[in-house]
Amino acid sequence: MIEVRYERGVYLPQQNLWLDPWDAKPFAFISHAHNDHVAPHEEIIVSQRTARLLKSRLPGRRIEHILPFGEKRRVHGLDLMLLPAGHIFGSAQCFLFLGNETLLYTGDFKLRPGKSAEQVQWREADTLIMETTFGLSRYRFPPTQQVVDQIVSFCRETIEAGEVPVLLGYSLGKAQEILCSLDGVGLTPMLHGSVYQMTRIYEQLGQSFCKYVRYRANDVAGKVLICPPSANRSHMLERIPRKRVAMISGWAVDPNAVYRYQVDAAFPLSDHADYDDLIRYVDFVRPRRVFTLHGFAAAFACDLRARGVEAWALTEQNQMELHLSAADNALPVDPCAEVSRTAESTQGSFHKQVSDTRSEFLAFAKVGEAIAATPAKLEKIRLLSDYLRELTSEQLPVITTYFTGRAFAQSDPRTLQVGWSVIVRTLQGATKIDDAAFHSIAARHGDTGKTAFEVLDARTTPRPFTIVESRELFESLHRARGPLAKAQLLQDRFSISSAREGQYIVKILTGDLRIGLREGLVEEAIAKAFDVPLDQVKQANMLLGDIGETAALALRNEVHQAQLSLFRPIKCMLATPLPSAESVWQRFVDVGDVDGGSALATQPAIFLEDKFDGIRAQLHRSADRVEIYSRDLRRITGQFPELVDQATNFQEKLIVDGEIIAFEEGRRLTFFDLQKRLGRKSDGEDLFARAAADVPVAFVAFDLLWLNGESLLRTSLRERRARLSEVRLPPQFQIAKVVSARSAAEIEQAFRQARRHLNEGLMIKDPESLYLPGTRGMFWFKLKKELATLDVVVVAAELGHGKRNNVLSDYTFAVRDETTGGLLRIGKAYSGLTDAEIAELTEHFKQNTLADHGRYREVKPDIVLEVAFNSIQPSARHASGLALRFPRIKAIRRDKNVDSIDTLQYAHELAARDAQIQQSVSPEVA
DNA sequence: ACTGATGCGTC
DNA sequence: GTCGGAC
DNA sequence: GTCCGACGACGCATCAGT
């Protein structure tokens, strides 16, 4: 059997041939000239017309094998033939003769005759790889002539009403099809520039059209404007006051198309096959197996299998299964499994749980609501623990993870890439609610979860949803590539979810449960539910970074088995911020008192270290492996290859805790420099070489957690430090210097010293303390101070979210530009005000609004705030060209008015000072 | 090839 | 990172 | 004390549209 793979494009490994790949490849077949197929490949197979169109879309040189339709040719020892696909002008299918097997790849295609595309042709083939953009039965297009008639009457009526009809269709293919449809009906088409350009190429290749004109802004009256969809709401169209816009697309059969595209009408004229034609095509080709691609690939494959045709969706996620099936002769995972399983359960051959019609996910959501309803922590814990006890061992880890506001465990690096934007679109799509109604609901809540509830309420037809299915939903959202694919998955789920279920899906997606319960209380609930000591549960969760696995261990009474081990990162110990050296010292004196008043006298001192402005990192090293983890237990090994290289030179197996800083002798590097390396993807050695050269880093170690098989978590900091000092460090590794202190004055002095070293502040640690992962206890403190404060004036206010939904809690503020006298924005903040102050300001701003834009309003600039921050630097975010790091409101300066606020010039001075302190010096480490 | 919007993770 | 609020 | 939630700026990746 021919091997078929999918990796952002179909790949035939045995032939080393790519079919419509997304990325540049050495050797590829390009079915047609739409942009998503255009990449700078080295060598391509194309039809003649596609070659011509490509030339205008992607200039540059490449080797082209231009094949005529219907003739068998040999390219690189490969026998193949192109067949017209009927999709757009020049679009081709690729038919391959591979020994005694044949393969037909359709590319995009349609069966209905088009007026501007060649009529499709086909041959029988053993393997069919087909596009299934419209592979759901609800996509059945009306007869073409009927749609054309509708479009024509739309245009005529619009013109008669004295308005301009605007038809939106892709500039290549769809626009020309529309143009042909208007032939002989007495209308004059006017073409947008990009449409015009493509149409001219069609003509050069022998296609003829009715008379048309090119777009001229002052000549649109009485014409039919044909534009690409991207022109909608563009400058060009906004200049036409009286118009009606229609989208021409297969998606027009969706009842909500008008809202989705923000147009006045939508007509289902498509250059793709509809559902019925997809089915017919399979009948024509009589393949032994089918691979489906694009759109509703999985659903369509499922339908084909129901018809007795072997069919699989070709997507990234099925890759592994396909591979397995070749090797093991096992069946791939069946996307129809849900269906068959329910069928089985009705015959009584399945677990009672499956046949239970009540929705498990709804039960989960209801527990969440009950927890939200009570402010009492103990009551929350009780509700949750009762629920946890009811769950199966399979459900328990999933649910406990959900209750921490996550779809995946903390130590699980997978992300969903589904945010507010995708959620909003899918809620609209699933309910077909109109824009105005949606926005009025959304504006009322400022909470995506609540919005979801109200939007979905009574607009969906709920079906039971099991916990395991919910897990699968999140997993497939993670696997799906691109917002569109994700949106489709989510929309399908919303349309069969109850309002409450949808709300909780959204809560998990956004990571905001907002039920007053998170990891800490979940730990307590697990302890209570399974009668395990709480500290063991906490310990296990710290070590595992996986509340679900912790719960599973608790259920089996095995929590004590969790142990610190190499390559299993643990949460790091955190420090509590304190405002002054005196307040820090007070903490230790108090502890001493409890201890009989003389504890400190008998102890040498407390430990002080500089606080470095970098990224907290945990480095694990064995004899043959090194990994680096971030504060959130994410593997960041790939970002720092030179540290990994150096770490192989340690003599010991160890886990060290420290900070990675941007560092080079004689050069001032900042946190922002470091950030440049952080999000970077780790493919390509060149990239590393360059990144490392740009921003050299150092690892500053300040704690040792594990050494040669021995956990040091339960030894004192003093002991850990002693052990750390004995470790031989490779280059680029340093140990943070510790000094002792015995008074507030010494702390203050060390803090100043740290700042002189250009470090962020000071860490103060109890030398006798154990390492407590994940807690911000009273053993480590940090001392940071603001760089300066600015007096600024509030120029805009926004409604908050969640519990701040009904108050204007978000303030944008400005400084004065002395040269123009104008107010220039410099930052945003709310942090620092009490609820009462926010309430008061809300009232004030409501009465002093200059312009109301819904959730956001510009306000009269008369409230002066004193804003503190840790640094100030150039930025494009705000009009002032400056931005503040960690801005917070120190005070409302009621004694001041707009005229006495600080100036842009002063802010620039601060920024200059901030940047220049450091010119030639580099921060001191040890 | 460029740009803006969105999402994520760092502080 | 920051901060205030609730238990 | 501890946890929770509501917020800041930045840089990079990815996608979708020019």
Side-chain angles (χ1 to χ4, degrees), chain A residues 22 35-36 38 40 58-60 171 194 228-232 234 374-380 405 413 415-422 424 446-447 481-486 509-524 576-577 612-617 630-632 634 636 639 659-660 670-681 691 760 775-778 782 784 786 798 800-805 807 809-812 826-838 867-873 875-878 882-890:
Chain A
W22 288 79
N35 265 340
D36 48 349
V38 179
L58 186 76
S171 58
S194 65
S230 57
N232 195 18
S234 71
T374 169
K377 281 189 186 175
L378 291 176
E379 178 65 5
K380 287 174 194 279
T415 58
L416 295 167
Q417 301 288 132
V418 173
W420 181 84
S421 162
V422 168
V424 166
D447 175 317
R481 289 288 139 236
L484 295 181
K486 288 173 196 285
L509 289 174
T510 58
D512 280 329
L513 236 41
R514 292 177 174 168
I515 59 173
L517 168 143
R518 247 170 139 92
E519 204 140 3
L521 298 194
V522 178
E523 287 171 343
E524 295 202 38
T576 301
F612 301 97
D613 191 9
I615 293 161
R616 188 74 178 269
S630 73
R631 206 180 115 154
D632 281 359
R634 253 156 255 284
I636 50 173
Q639 324 301 327
E659 190 96 357
I660 294 176
T670 66
F671 177 75
F672 296 114
D673 296 307
L674 184 59
Q675 258 188 315
K676 293 190 175 81
R677 289 187 56 169
L678 202 60
R680 209 168 287 191
K681 281 284 181 200
E760 209 190 359
T775 57
R776 199 182 291 278
M778 288 297 119
K782 59 180 167 183
K784 289 165 76 170
E786 61 218 33
E798 269 175 273
H801 294 87
K803 65 184 176 192
R804 300 203 189 285
N805 181 30
V807 286
S809 64
D810 201 38
Y811 310 124
T812 303
I826 196 168
K828 287 175 76 183
Y830 104 86
S831 179
L833 294 179
T834 63
D835 284 359
E837 288 169 321
I838 293 173
V867 175
F869 49 90
N870 285 35
S871 76
I872 176 168
Q873 68 275 316
S875 158
R877 187 176 295 254
H878 299 290
L882 292 170
L884 312 176
R885 176 138 92 136
F886 311 144
R888 62 264 191 194
I889 298 166
K890 253 199 134 176

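Worth knowing before you read on, the calculation uses all heavy atoms, side chains too, and leaves out hydrogens, waters and symmetry mates. Lettering of chains follows the sequences in order, A, B, ..., and the numbering in each one begins at 1.
- Close to B:dT10, at under 4.0 Å from its OP1 or OP2, lies no side-chain N or O of A:R677.
- Here A:T775 lies out of heavy-atom contact (under 4.0 Å) with every strand.
- At a threshold of 4.0 Å, the pair A:D613-A:R885 counts as salt-bridged, since one of the basic side-chain nitrogens sits closer than that to a carboxylate oxygen.
- The side chain of A:H801 contributes an N or O atom lying less than 4.0 Å from OP1 or OP2 of D:dC7.
- Taking 4.0 angstrom as the limit, A:S421 places none of its side-chain polar atoms (N or O) nearer than this to OP1 or OP2 of B:dA5.
- For A:P483, the listed nucleotide lying nearest its side chain is D:dC15; candidates were D:dC15, D:dA9, C:dG1.
- Rounded to an integer number of Å, the gap from A:D613 CG to D:dA9 C1' is 13 Å.
- Residue A:Q417 is in sugar-phosphate contact alone, with no base atom involved, counting any heavy-atom pair closer than 4.0 Å across all strands shown.
- For the pair A:V422 and A:P483, the tightest heavy-atom approach, listed with the atom from each and the gap, is CG2-CB, 4.0 Å.
- A:K486 has no side-chain polar atom (N or O) that falls below the 4.0 Å cut-off from OP1 or OP2 of D:dC15.
- For the pair A:R514 and D:dA6, the criterion of a side-chain N or O lying under 4.0 Å from OP1 or OP2 is met.
- Dashed line: the shortest gap from a side-chain N or O of A:K803 to OP1 or OP2 of D:dA6 is not under 4.0 Å.
- Listed nucleotides D:dC10, B:dT10, D:dG8 differ in distance to A:D632; the shortest reach to its side chain belongs to B:dT10.
- Contact annotation: A:R634 side-chain N/O to B:dG9 OP1/OP2 distance is under 4.0 Å.
- Both A:L884 and A:V522 lie close to DNA chain D; mapped to their nearest nucleotides by heavy-atom distance, the more 5′-ward contact belongs to A:V522.
- In this structure, CZ of A:R631 is placed 8 Å from C1' of C:dG1, rounded to the nearest angstrom.
- Residue contacts shown for A:I889 are absent, as no nucleic acid heavy atom lies under 4.0 Å away.
- Among the nucleotides C:dC3, D:dC3, C:dG1, the one closest to any side-chain atom of A:R888 is C:dC3.
- Taken from CD in A:E519 to CD in A:E524, the straight-line distance is 12.5 Å, to the nearest 0.5 Å.
- One finds no side-chain N or O of A:S630 lying less than 4.0 angstrom from the OP1 or OP2 phosphate oxygen of B:dG9.
- A:K782 comes within contact range of the sugar-phosphate backbone alone, with a heavy-atom separation under 4.0 Å but no base atom that close.
- Across B:dG7, D:dC10, D:dC4, the shortest atom-to-atom separation from the side chain of A:V422 is found for B:dG7.
- When the C1' atom of B:dC11 is taken as reference, atom CD of A:Q873 falls 12 Å away, rounded to whole Å.
- Of the N and O atoms on the side chains of A:S871 and A:Q873, at least one donor lies less than 3.5 Å from an acceptor on the other residue.
- Salt bridge absent: A:R804 and A:D810 never bring a charged side-chain N and a carboxylate O closer than 4.0 Å.
- Contact annotation: A:R518 reaches the phosphate of D:dG5 (side-chain N/O to OP1 or OP2, under 4.0 Å).
- The side-chain heavy atoms of A:R514 and A:H801, taken from C-beta on, include a pair separated by under 4.5 Å.
- Within 4.0 Å (heavy atoms only), A:N870 reaches no atom of the nucleic acid at all.
- Mapping A:E519 and A:F671 onto DNA chain D via the closest heavy atom, the residue that lands nearer the 5' end is A:E519.
- Between A:R877 and D:dC10 there is a side-chain N or O to OP1 or OP2 distance below 4.0 Å.
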Quick one: do A:V867 and A:K828 satisfy side chain to side chain contact (heavy atoms under 4.5 Å, CB included)? Show the steps, please.
CA-CA 10 Å; A:V867 175; A:K828 287 175 76 183; over 6 Å; no
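- Under 4.0 angstrom from either OP1 or OP2 of D:dG8 there lies no side-chain N or O belonging to A:S831.
- Per the geometry, CD belonging to A:E837 stands 12 Å off C1' belonging to C:dC3, to the nearest Å.
- One atom, CG of A:L674, and another, P of D:dG11, lie 12 Å apart when rounded to the nearest Å.
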